[in-house]
Amino acid sequence: MKMHKIKLLLLAFFSLFLVMSAPAYAAPVNVNTASIDEIADSLNGVGPAKAEAISTHCKKVKCQSPEDLLEVKGIGEKTLMKISEDLRF
């Protein structure tokens, strides 16, 4: 009985770890083709407003590198460094 409780407790901690770490492992996203929701969900620190600005910019001017996003209002060097590994073009 005691072993069963320990297993349940370990399972609970493992599940909590997975849930809490999920945002840290965002999926790569092609900013030229993704929807606003996909961009917001995939890039840490990018909410709906910045995602919309990214989407609008990349639909007007096809983005080819992370640096292209520096032209988007609200995207600076710091944000770009945080999201650049998850960007695809």
Side-chain angles (χ1 to χ4, degrees):
M1 188 66 148
K2 195 173 197 175
M3 185 59 91
H4 180 68
K5 288 182 180 179
I6 292 172
K7 286 182 181 179
L8 284 176
L9 187 58
L10 286 174
L11 180 62
F13 280 124
F14 181 70
S15 298
L16 182 61
F17 172 76
L18 286 177
V19 170
M20 296 300 287
S21 64
Y25 301 106
V29 63
N30 184 324
V31 292
N32 291 306
T33 60
S35 70
I36 294 168
D37 289 336
E38 290 170 328
I39 294 171
D41 291 343
S42 297
L43 301 177
N44 283 331
V46 173
K50 281 186 190 175
E52 183 175 5
I54 291 169
S55 177
T56 300
H57 177 74
C58 291
K59 295 220 183 325
K60 287 181 187 174
V61 181
K62 186 176 180 185
C63 294
Q64 297 178 6
S65 72
E67 291 74 23
D68 292 343
L69 295 182
L70 291 173
E71 297 175 26
V72 176
K73 183 178 179 181
I75 303 293
E77 292 285 340
K78 201 180 228 184
T79 301
L80 188 62
M81 286 181 65
K82 188 165 45 169
I83 66 173
S84 63
E85 297 217 0
D86 292 320
L87 296 172
R88 299 295 179 268
F89 304 94

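Quick note: numbers below take in every heavy atom, side chains included, and nothing from hydrogens, waters or symmetry partners.
Taking hydrophobic clusters as Ile, Leu, Val, Met, Phe, Trp and Tyr residues chained together by side-chain heavy-atom distances below 4.5 Å, Leu70 shares a cluster with Ile83. Ile36 and Phe89 fall into different hydrophobic clusters, where Ile, Leu, Val, Met, Phe, Trp and Tyr are joined by side-chain heavy atoms under 4.5 Å apart, directly or via other members. Residues Val46 and Leu80 fall within the same hydrophobic cluster, defined by Ile, Leu, Val, Met, Phe, Trp and Tyr side chains chained together at heavy-atom separations under 4.5 Å.
A side chain to side chain contact (heavy atoms under 4.5 Å, CB included) with Val31 holds for exactly one of Cys58, Ser55, Pro66; it is Cys58.
From Ile54, atom CD1 reaches atom CD of Glu71 across 12.5 Å, with rounding to the nearest 0.5 Å. In this structure, OG1 in Thr56 is found 13.0 Å from NZ in Lys73, a value given to the nearest 0.5 Å.
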Under the side chain to side chain contact (heavy atoms under 4.5 Å, CB included) criterion, do Arg88 and Asn32 qualify, and how do the steps go? CA-CA 8 Å; Arg88 299 295 179 268; Asn32 291 306; over 6 Å; no

The test is side chain to side chain contact (heavy atoms under 4.5 Å, CB included); show your working for Leu43 and Leu87 and say whether it passes. CA-CA 8 Å; Leu43 301 177; Leu87 296 172; 3.9 Å; yes

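The shortest non-hydrogen separation linking Cys63 to His57 is SG-CD2, 3.6 Å. When every heavy atom of Ala34 is checked against every heavy atom of Glu38, the shortest pair comes out as CA-OE1, 3.2 Å.
Atom NZ of Lys59 has more than 12 heavy atoms from other residues, nucleotides or ligands within 6.0 Å.
Between the Thr79 side chain and the Ile75 main chain, no donor and acceptor come within less than 3.5 Å of each other. Looking only at distances, a side-chain donor or acceptor of Asp68 sits under 3.5 Å from a matching main-chain atom of Ser65.
The side-chain heavy atoms of Asp86 and Val29, taken from C-beta on, include no pair separated by under 4.5 Å.
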